[in-house]
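This is a predicted model, so every value here is computed, not measured. Numbered from 1 within each chain, the chains take letters A, B, ... in sequence-line order.
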Number of protein chains: 4
Amino acid sequence: MEDSRPRFLDDVTVELVKHSASDSDVLWAARVSTAGEQSIEEINKDPERSKGLINFLMRDRHGTPFEHNSMTFLVKAPIFVFREFQRHRVGWSYNEESGRYRELQPDFYIPGPERKLVQEGRPGKYVFVDGTEKQHKIAVEVMESAYRSSYEAYREMLEAGIAREVARAVLPVGLFSSMYATCNARSLMHFLSLRTKSEQAKVPSFPQREIEMVAERMEAAWAGLMPLTHAAFVANGRVAP
Amino acid sequence: MEDSRPRFLDDVTVELVKHSASDSDVLWAARVSTAGEQSIEEINKDPERSKGLINFLMRDRHGTPFEHNSMTFLVKAPIFVFREFQRHRVGWSYNEESGRYRELQPDFYIPGPERKLVQEGRPGKYVFVDGTEKQHKIAVEVMESAYRSSYEAYREMLEAGIAREVARAVLPVGLFSSMYATCNARSLMHFLSLRTKSEQAKVPSFPQREIEMVAERMEAAWAGLMPLTHAAFVANGRVAP
Amino acid sequence: MEDSRPRFLDDVTVELVKHSASDSDVLWAARVSTAGEQSIEEINKDPERSKGLINFLMRDRHGTPFEHNSMTFLVKAPIFVFREFQRHRVGWSYNEESGRYRELQPDFYIPGPERKLVQEGRPGKYVFVDGTEKQHKIAVEVMESAYRSSYEAYREMLEAGIAREVARAVLPVGLFSSMYATCNARSLMHFLSLRTKSEQAKVPSFPQREIEMVAERMEAAWAGLMPLTHAAFVANGRVAP
Amino acid sequence: MEDSRPRFLDDVTVELVKHSASDSDVLWAARVSTAGEQSIEEINKDPERSKGLINFLMRDRHGTPFEHNSMTFLVKAPIFVFREFQRHRVGWSYNEESGRYRELQPDFYIPGPERKLVQEGRPGKYVFVDGTEKQHKIAVEVMESAYRSSYEAYREMLEAGIAREVARAVLPVGLFSSMYATCNARSLMHFLSLRTKSEQAKVPSFPQREIEMVAERMEAAWAGLMPLTHAAFVANGRVAP
């Protein structure tokens with residue numbers, strides 16, 4: 001029997017559960033075009049040339065060599081994050097926990113102390129600034145209270161025999177969900193270019209902080225698997241090829 | 001100034017806002033393969049042959065001739081419907097109202113009297129049956145009350161100066177949203193095959209009733225634009241080519 | 001009865017056969033996010049603001065509002081062009097003349113007098129320069145002769161009762177084919193960014209001249225339909241959003 | 001220095017160069033929906049249930065759990081095969097040898113003794129039957145002769161200093177090329193359903209024999225990696241979920 005007391009979490013989690021992804025995957029894919037097939041042994045002989053080739057592909061936006069690899073992440077984050085995440089259609093596969101098949105557990109998102117709560121400026125030019133301590137207190141208290149009431153309403157309907165898929169209508173988008181997300185380096189770079197904010201970025205982006213928290217963890221895991229590709233992405237202004 | 005008293009709605013709306021889609025679009029696309037280009041005048045000369053060709057393409061799953069057309073719908077439905085809808089990635093384009101840029105209005109979904117509320121059976125074999133009057137009453141009352149509280153919490157945070165994108169975390173997935181969705185006949189058929197339930201379907205599907213309500217309205221609009229294609233879809237077991 | 005004497009052509013053709021595409025399609029799609037639905041009448045009231053919004057979307061790479069429109073082109077070009085063209089997977093639909101169903105007609109590509117024939121430099125940095133008159137003469141004579149022989153071989157096999165799909169193996173990639181290609185403004189911009197060469201381009205590209213000839217004609221047709229979107233594409237360095 | 005004497009080959013080759021694909025990948029992806037995350041150890045405890053779940057997913061066309069895996073193949077086949085292959089857009093990544101960057105080598109396809117050369121019936125109902133010995137002899141002789149002439153024309157232009165991308169126009173679609181193709185089980189099943197012919201297939205298909213030869217080898221490699229998934233695909237009429 002699962003515990004149904006609400007939990008309030010101020011962080012997301014990202015786990016790299018599976019991967020087949022390395023810089024050499026980019027290299028052999030690129031070299032079939034220009035030099036016939038090469039073995040990984042041949043490719044590994046000349047690391048400087050490898051670095052140069054990856055950089056050239058990134059700069060001139062030869063995108064397909066970055067697609068012959070695969071990474072699967074298990075992501076736990078609030079529904080409002082998944083709503084944005086799943087708008088990424090190309091080169092992404094998703095399987096998410098179902099509110100039709102399962103009774104959903106009461107894990108809810110609240111902003112942590114670092115989360116800037118106040119938005120200034122106009123659409124397209126928003127800036128977030130720290131709220132006061134009082135604002136943070138209000139946010140947490142109002143959210144926790146609203147989450148509790150929503151979850152009680154959900155449970156009340158379930159106990160009255162109403163179907164999960166109907167009862168869930170009252171659950172908030174701050175509820176945590178879980179999904180497996182599979183991508184390749186190219187689709188991941190596209191995601192990162194839109195869902196992180198960076199001074200190195202040629203094109204500005206304004207991601208919501210919570211999806212950026214997911215993106216940052218994915219980027220760290222990916223950088224470990226494909227360091228040359230990651231470095232070239234950063235060096236070329238974080239624009240996906 | 002917009003009214004912020006909650007509204008409770010038991011129906012979705014679908015409006016065909018724009019289209020460039022007719023049966024003859026399928027025909028000329030198919031005939032380039034086999035007979036060179038044909039004018040629409042030539043095609044229209046022989047309606048029986050047109051019907052036969054569309055039926056043949058559908059039956060033998062020649063999918064691409066069904067892609068050279070376009071329909072844009074404005075859909076208003078609860079977030080939990082859009083969560084399922086936007087999982088359709090191929091041949092679909094979406095633009096949805098943003099909870100980051102706009103203050104969201106308090107329109108909420110409640111089940112209508114026809115909505116079967118009780119689920120029986122096991123995963124993969126669920127059947128929905130009518131609930132009792134009492135169950136329907138509980139659902140509506142609990143939902144309305146939970147929705148009101150959530151929206152008050154949202155407003156309270158906004159009034160305290162907290163950003164919309166943070167405050168919205170308490171809003172429920174039963175909140176209505178709006179989106180433009182553009183597709184072609186092939187991507188629409190794929191959607192319909194999974195999101196409607198029909199005795200004519202070769203492959204069973206178990207859509208949630210609320211997305212099926214959207215799908216039925218889209219199907220009706222499409223059937224008016226491409227009657228031969230729609231008839232062939234139905235006659236071939238509602239399997240997308 | 002079709003004439004089977006070879007024809008040698010130094011140009012491609014592109015015809016816009018169908019479209020549902022205008023700048024206002026971008027505007028209403030974008031404004032659902034920020035301002036709720038707006039009628040086209042409202043949108044048309046303020047052309048300067050429209051221009052500014054389209055420019056903002058392009059610059060900050062908000063891509064989806066550029067997808068709710070559709071253009072279908074009939075393209076006649078050599079097979080080697082279609083080989084590159086059909087590598088564009090996202091937001092493109094194709095139907096091409098079939099060498100399995102039809103006897104292919106002897107239209108072949110030869111370089112026109114403007115086509116630079118000589119390549120200098122190394123991979124990734126090629127430059128094309130004019131050949132000598134003699135080189136052009138060689139190219140045309142060798143090609144025409146090779147094309148004739150290939151087509152005779154094709155015909156000889158057909159006359160011996162060998163299936164079209166087998167006999168076509170000898171036909172060259174310089175043979176003309178026809179296809180319908182349907183796209184939206186976003187997928188077209190991506191195509192143009194890679195398949196045209198321009199001093200306005202932020203990212204260099206090195207298209208083969210023959211596919212660029214197709215791309216230029218498509219761009220001209222599109223610019224007529226969506227002038228504000230086209231202008232914003234050019235002003236923003238010909239990078240697809 | 002590479003040998004430029006033509007070689008005539010009657011077979012294709014397919015090598016599985018890399019993979020991250022097993023039946024358990026389907027299982028954990030599916031179970032996140034219904035039962036929360038499960039470890040592979042838990043999943044492996046109950047093989048009969050695993051088989052049942054995969055079969056259920058296939059039958060009811062739950063496609064996404066079949067996407068969290070990756071296979072990369074190195075395929076060598078004639079250009080006319082790649083022309084069909086690369087029409088598969090969704091869930092496929094390609095990198096092919098470039099005729100712009102490389103001098104192409106003279107490997108050409110000729111039909112083997114098993115290849116049925118004669119087509120009977122009408123479009124949509126073609127049947128292939130054995131040709132006579134004489135027909136086979138004509139095909140091979142005419143093809144070899146045409147291929148030799150084409151390749152000589154190509155070489156002649158190269159020697160005159162004409163660019164590779166121009167000279168290749170005379171090369172036939174029977175020329176061998178090489179590509180890396182990466183897919184997942186779902187996109188592979190879709191490919192197999194259209195590019196193989198089988199008595200077990202619910203929906204008939206009429207692939208050209210040469211692409212079917214590629215598809216058969218891919219299917220054999222995949223069946224070794226994901227035996228339960230492959231068995232469920234066959235048992236459910238070779239329809240992709």
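Residues D:Ser33 and A:Glu97 fail the side-chain proximity criterion, which asks for heavy atoms closer than 4.5 Å.
Only the side chain of A:Thr72 comes within less than 4.5 Å of a heavy atom in chain D; its backbone stays farther off.
Contact tally against chain D (heavy-atom pairs below 4.5 Å) for A:Thr64, A:Asn95, A:Asn184, A:Val90: the top residue is A:Asn95. Across D:Arg100, D:His19, D:Glu67, D:Lys18, the residue that shares the most heavy-atom pairs under 4.5 angstrom with chain A is D:Lys18.
Here the closest heavy-atom approach between residue D:His62 and residue A:Tyr101 is recorded as CE1-OH, 4.5 Å. Shown here for D:Trp28 and A:Tyr180, the closest heavy-atom pair between the two residues is O-CE1, 3.4 Å.
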Quiz item: Which is it for A:Ser178 and D:Val32 under the side-chain contact (heavy atoms from CB on, under 4.5 Å) test, yes or no, and what are the steps along the way?
Solution: CA-CA 7 Å; A:Ser178 299; D:Val32 74; 4.3 Å; yes
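By the salt bridge (Lys or Arg N to Asp or Glu O under 4.0 Å) test, A:Glu96 pairs with B:Arg83, sequence neighbours left out.
A donor and an acceptor atom, one from each side chain of A:His68 and D:Thr182, are located under 3.5 Å apart.
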